[in-house]
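Heads up: the structure comes next, in structure tokens.
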Amino acid sequence: MRQKLEQALLALYPTMRTIMAKRYVTKYVDAVMGELASRMAMRSDEEVADGELNFAAETVRGEAGRCDVEKKTGYIYTLMQEHPTTSLVICTYTGNSFTQRVSRMIINPTYKAQVMSELKRLVIENIPLQKAEQQQLDIIQAKANQKVRIDAESLSSYIEHTSNTLRSDGLDTAYEQKLISNLHTANYLMDIAYEQDGICYVDEYWTTIDSGRKHGHGRSLQRIAKEVRHAALGECWRYDLKAASYALMTQMAKEISPELRTAGLKEYVQKRSVIRKRIALDVGISEEWMKQFFTALGFGAELKDNPYNSIRHKLGQEKFHRLIANTEFAIITKQLKAVSQTIADDIDGDDFDLFGTTYSNIDPKDGSKRTKNQMLAWIYQRLETQVMEEFAEMIPSDYTVLLTVHDCVYLNKKMNSRTTQEIKHKLRCKYGMVDFEGEKITPIHSPHFVSKRLREHNHSVQQHNANIAEQELLAKDYIPFDYSSLDSQQSFAATQ
């Protein structure tokens with residue numbers, strides 16, 4: 001790749017010395033690859049769907065440095081980006097300081113195979129972060145106000161497994177990109193992990209927004225890919241609310257207007273997986289996509305038949321039309337719209353209180369006036385936060401809360417059935433439709449890995465078997481006393 005870039009650069013600038021072309025290409029490739037590696041680690045669902053990456057072009061330009069070509073001084077990054085034959089990335093959107101948005105890029109198809117190969121090498125060898133990215137993460141670390149317990153052995157095993165997978169041939173491109181992103185994040189967590197009193201932790205910086213919801217920043221375990229999160233937490237149990245936005249908002253609307261029709265929403269809360277599969281099969285898409293659409297709708301996304309609508313854009317016109325024509329989907333979305341409207345109509349004035357927290361019609365982040373959908377999102381977040389806080393308080397002290405992620409909580413072990421039912425009953429008495437379910441989390445790991453929990457279990461089993469064997473050995477020479485030879489009074493005395 002580097003040699004090909006050098007040849008292309010020299011073809012564009014015949015008077016350039018070979019040694020300078022090599023230097024410019026090296027600096028350009030190092031800066032661009034470092035940015036690509038870090039961006040892949042924090043890639044959003046939107047970026048994955050579009051096949052694009054956020055890209056801090058100004059930062060990369062500074063990292064690559066300056067050049068002198070044909071008696072003109074400029075930037076190496078600008079020089080290399082001028083022609084498709086010398087650029088590793090192609091800009092699809094130019095960022096600017098006014099909108100506070102970074103540029104969007106795609107990897108140049110000409111060099112994509114080589115770029116992916118280089119990215120694999122970088123993350124497998126755990127090359128240090130770029131200066132700019134390291135500075136950003138250092139700022140977050142300096143503000144750290146939370147420490148999250150992790151399983152370093154489990155995370156290390158995941159890194160080994162993912163590195164070995166990336167070294168294999170024939171990987172699907174999308175899967176390969178996901179592995180690169182996950183490995184980059186996992187390496188970072190291992191680098192910042194530390195031990196205290198025999199337990200491993202990572203420090204994180206969390207802030208609380210005006211709805212009460214807590215947000216982790218940077219590469220918080222709240223925000224990273226679930227595969228890496230689960231590897232970092234190790235074997236544990238996750239308890240999450242069932243279709244939280246649908247359940248909480250529907251219950252609130254029913255309290256406002258008891259005659260409101262919500263049978264379709266109630267059925268979705270209880271049987272959401274089955275319903276999603278049915279609709280996905282009818283439309284011809286994956287259940288995962290269907291889950292994303294329902295989640296988006298729960299947070300206020302709208303169904304509009306135009307190419308700029310996110311759901312319409314992702315599906316295409318034909319499948320979008322099949323989706324909105326699906327009877328089951330139509331009933332759910334119609335009732336969800338009625339729920340949202342009922343809540344919105346009940347709000348009196350720009351400011352109101354909900355569970356002791358005051359809503360402001362002005363967004364504290366940027367001072368803009370909130371829309372109706374933003375208000376509804378705030379209400380849902382406040383309800384969710386309140387329920388999860390109460391949920392966490394109900395968990396007995398002999399369970400350890402490892403992490404909370406908005407509508408779910410990770411515990412170190414499975415709650416017993418009695419505790420689970422008691423918590424469910426208390427939540428339902430107060431919040432009606434609210435329900436939750438538990439799932440055992442088994443992280444991805446290398447074939448030979450044996451978790452600490454399993455080692456401890458095996459040791460206890462071995463100890464138990466050893467105790468049984470010891471007692472059996474002692475019992476070999478035991479001769480039971482014959483009480484039948486005694487009269488009743490003697491027999492009673494012998495047993496006292």
Side-chain angles (χ1 to χ4, degrees), residues 34 37-43 116-130 133-134 137-138 140-141 144 146-168 171 175-205 216 218-238 400-405 410-414 439-460:
S38 63
R39 289 295 173 179
M40 277 197 165
M42 295 302 293
R43 207 174 180 192
M116 296 308 298
S117 178
E118 180 76 358
L119 281 172
K120 285 198 291 185
R121 184 188 68 81
L122 286 173
V123 296
I124 290 173
E125 296 178 9
N126 196 15
I127 302 299
L129 302 173
Q130 272 193 289
E133 183 189 12
Q134 187 62 61
L137 293 172
D138 286 344
I140 292 173
Q141 285 290 296
Q146 295 282 335
K147 65 178 184 180
V148 180
R149 179 176 178 171
I150 68 166
D151 186 332
E153 289 184 355
S154 172
L155 185 59
S156 178
S157 180
Y158 173 81
I159 290 172
E160 179 186 349
H161 178 273
T162 307
S163 298
N164 290 336
T165 303
L166 278 170
R167 290 188 181 98
S168 59
L171 295 176
Y175 180 56
E176 186 176 61
Q177 290 180 3
K178 184 176 180 64
L179 290 181
I180 290 171
S181 170
N182 289 354
L183 182 56
H184 191 65
T185 303
N187 282 330
Y188 166 75
L189 292 176
M190 280 298 294
D191 289 342
I192 66 169
Y194 63 93
E195 188 173 321
Q196 188 177 74
D197 299 327
I199 299 174
C200 275
Y201 298 95
V202 292
D203 287 335
E204 296 193 357
Y205 173 51
R219 295 183 189 174
S220 164
L221 264 70
Q222 277 193 343
R223 303 179 62 193
I224 61 178
K226 64 180 181 180
E227 295 88 354
V228 186
R229 181 194 305 146
H230 294 168
L233 294 176
E235 287 187 0
C236 58
W237 275 77
R238 180 180 65 196
T400 301
V401 176
L402 302 176
L403 181 72
T404 56
V405 187
Y410 289 86
L411 303 182
N412 65 322
K413 58 184 178 180
K414 181 181 180 180
E439 177 189 9
K440 183 180 181 181
I441 301 300
T442 303
I444 298 169
H445 51 70
S446 56
H448 59 271
F449 175 71
V450 180
S451 69
K452 181 180 179 181
R453 186 188 297 273
L454 184 57
R455 292 200 305 270
E456 290 174 349
H457 172 73
N458 290 342
H459 177 72
S460 65

For this session: Starting at OG1 of Thr162, measure out to CD1 of Ile180 and round the result to the nearest 0.5 Å.
Result: 11.5 Å
Problem set entry | Inter-residue atom distance Glu235.CD - Ile441.CD1, 0.5 Å rounding | 10.5 Å
Could you tell me which non-hydrogen atom of [X] sits nearest to which non-hydrogen atom of [Y], and how far apart they are?
X	Y	result
Leu402	Cys236	CD1-CB, 3.8 Å
Ala193	Ile150	CB-CD1, 3.8 Å
Gly234	Pro443	C-CG, 3.6 Å
Asn182	Ala225	OD1-CB, 3.2 Å
Trp237	Lys413	CD1-C, 3.7 Å

Backbone N/O of [Y] and side chain of [X]: donor-acceptor pair under 3.5 Å:
X	Y	value
Arg219	Ile224	no
Ser181	Gln177	no
Ser157	Ser154	no
Asn187	Val123	yes
Gln222	Gly216	yes

Problem set entry | Derivation and outcome, side-chain contact (heavy atoms from CB on, under 4.5 Å), residues Leu221 and Leu189 | CA-CA 9 Å; Leu221 264 70; Leu189 292 176; 3.9 Å; yes
For this session: Check the pair Leu171, Leu179 against side-chain contact (heavy atoms from CB on, under 4.5 Å), reporting the backbone distance first and the verdict last.
Result: CA-CA 10 Å; Leu171 295 176; Leu179 290 181; 4.3 Å; yes
Problem set entry | Residues forming a ring pair (Phe, Tyr, Trp, His ring centres under 6.0 Å) with Tyr158, sequence neighbours excluded | none
Exercise. Ring pair (Phe, Tyr, Trp, His ring centres under 6.0 Å) with His445: which residues, sequence neighbours excluded?
Worked result: Phe449
Exercise. Can you list the steps and then say if Ile159 with Leu183 is a side-chain contact (heavy atoms from CB on, under 4.5 Å)?
Worked result: CA-CA 6 Å; Ile159 290 172; Leu183 182 56; 3.7 Å; yes
Problem set entry | Flag side-chain contact, heavy atom, 4.5 Å: Val202 against Tyr188 | no
Exercise. Does some side-chain heavy atom of Arg149 sit less than 4.5 Å from a side-chain heavy atom of Asn412?
Worked result: no
For this session: Go through the structure and list residues passing side chain to side chain contact (heavy atoms under 4.5 Å, CB included) with Lys147, not counting sequence neighbours.
Result: Tyr194, Gln196, Tyr201, Asp203
Exercise. Which of these, Lys414, Lys226, Arg238, sits in a salt bridge (Lys or Arg N to Asp or Glu O under 4.0 Å) with Glu439?
Worked result: Arg238
Exercise. So Arg167 and Asn164, side-chain contact (heavy atoms from CB on, under 4.5 Å) or not? Walk me through it.
Worked result: CA-CA 5 Å; Arg167 290 188 181 98; Asn164 290 336; 3.0 Å; yes
